[in-house]
Amino acid sequence: MTLLQLPNLTILKIERCEGLEYIFTSSTLESLKHLKVLTVEECKAVKVIVKEDGEHRETSKSIIVFPRLKSLTLADLPDLKGFFLGTNEFRWPVLEKVKIYGCPQMMNFTSGHSKAPKLNYIHTGLGKHSLDQCGLNFHLINATHEVVHM
């Protein structure tokens, strides 16, 4: 199997991919050093954005850094459970904007720790929610099919 490398990718927008269950594998993340904008919308089968693959399971405590990601939008993803369900720690040093709309199955963002020092709010269909108490690694509840920060 060939490892997908995307070292020059800066903007990725995926819309209406009906059979897609995940966007990246955990081993692909190391090549996304220049990614600034990630948008995934109207993909009915997406369960996670990053799927843990066999190569990264043995180092599941490693730190994954998105050094340039500034904007993340997840919208109308009815089967999305979370961004990543493994135990890796995520660091988002320049992440400023997160929008999550229409993701009724999403119960948490990641299972591991996440640090996003520049992110103050998450925007949802129910408004803007502060991250003062729990940071990016928030837990969600389903309320009228919208994501709610607790």
Mind checking whether [X] and [Y] sit in one hydrophobic cluster, side chains of I, L, V, M, F, W, Y counted as touching below 4.5 Å?
{"X": "Leu32", "Y": "Phe84", "answer": "yes"}
{"X": "Val98", "Y": "Ile64", "answer": "yes"}
{"X": "Met106", "Y": "Phe90", "answer": "yes"}
{"X": "Leu72", "Y": "Leu9", "answer": "yes"}
{"X": "Leu85", "Y": "Ile63", "answer": "no"}

Considering non-hydrogen atoms only, spot the tightest contact between [X] and [Y] and give its length.
{"X": "Leu119", "Y": "Lys97", "value": "CD1-N, 3.9 Å"}
{"X": "Pro117", "Y": "Pro93", "value": "CG-O, 4.0 Å"}
{"X": "Cys103", "Y": "Leu74", "value": "SG-O, 3.8 Å"}
{"X": "Glu42", "Y": "Leu77", "value": "N-CD2, 3.9 Å"}
{"X": "Ile100", "Y": "Ile122", "value": "CD1-CG2, 4.3 Å"}

Does [atom1] in [X] sit with more than 12 non-hydrogen atoms of other residues, nucleotides or ligands closer than 6.0 Å?
{"X": "Lys81", "atom1": "NZ", "value": "yes"}
{"X": "Phe66", "atom1": "CZ", "value": "yes"}
{"X": "Lys33", "atom1": "NZ", "value": "yes"}

* To do: Evaluate side chain to side chain contact (heavy atoms under 4.5 Å, CB included) for Arg91 paired with Val65, printing each intermediate quantity in order.
  => CA-CA 5 Å; Arg91 293 201 180 144; Val65 180; 4.1 Å; yes

* To do: Kindly determine whether Leu38 and Ile49 satisfy side chain to side chain contact (heavy atoms under 4.5 Å, CB included), including the steps that lead there.
  => CA-CA 10 Å; Leu38 175 59; Ile49 302 303; 4.1 Å; yes

* What orientation do Phe83 and Phe109 show, parallel under 30°, tilted 30 to 60°, or perpendicular over 60°? -> parallel

* **Trace of the side chain to side chain contact (heavy atoms under 4.5 Å, CB included) decision for Asp79 with Lys47** => CA-CA 5 Å; Asp79 283 346; Lys47 295 183 184 345; 4.0 Å; yes

* Taking the side chain as every heavy atom from C-beta outward, state whether Lys118 and Trp92 have any pair of such atoms under 4.5 Å apart. => no

* Side-chain heavy atoms of Ile14 within contact of Cys43, under 4.5 Å -> yes

* Asked: Could you state the interatomic distance from CZ (Arg68) to NE2 (His34), rounded to the nearest 0.5 Å?
  -> 5.0 Å

* May I have the step-by-step check of side chain to side chain contact (heavy atoms under 4.5 Å, CB included) for Ile23 and Leu12, ending in yes or no? => CA-CA 10 Å; Ile23 309 304; Leu12 178 60; 4.1 Å; yes

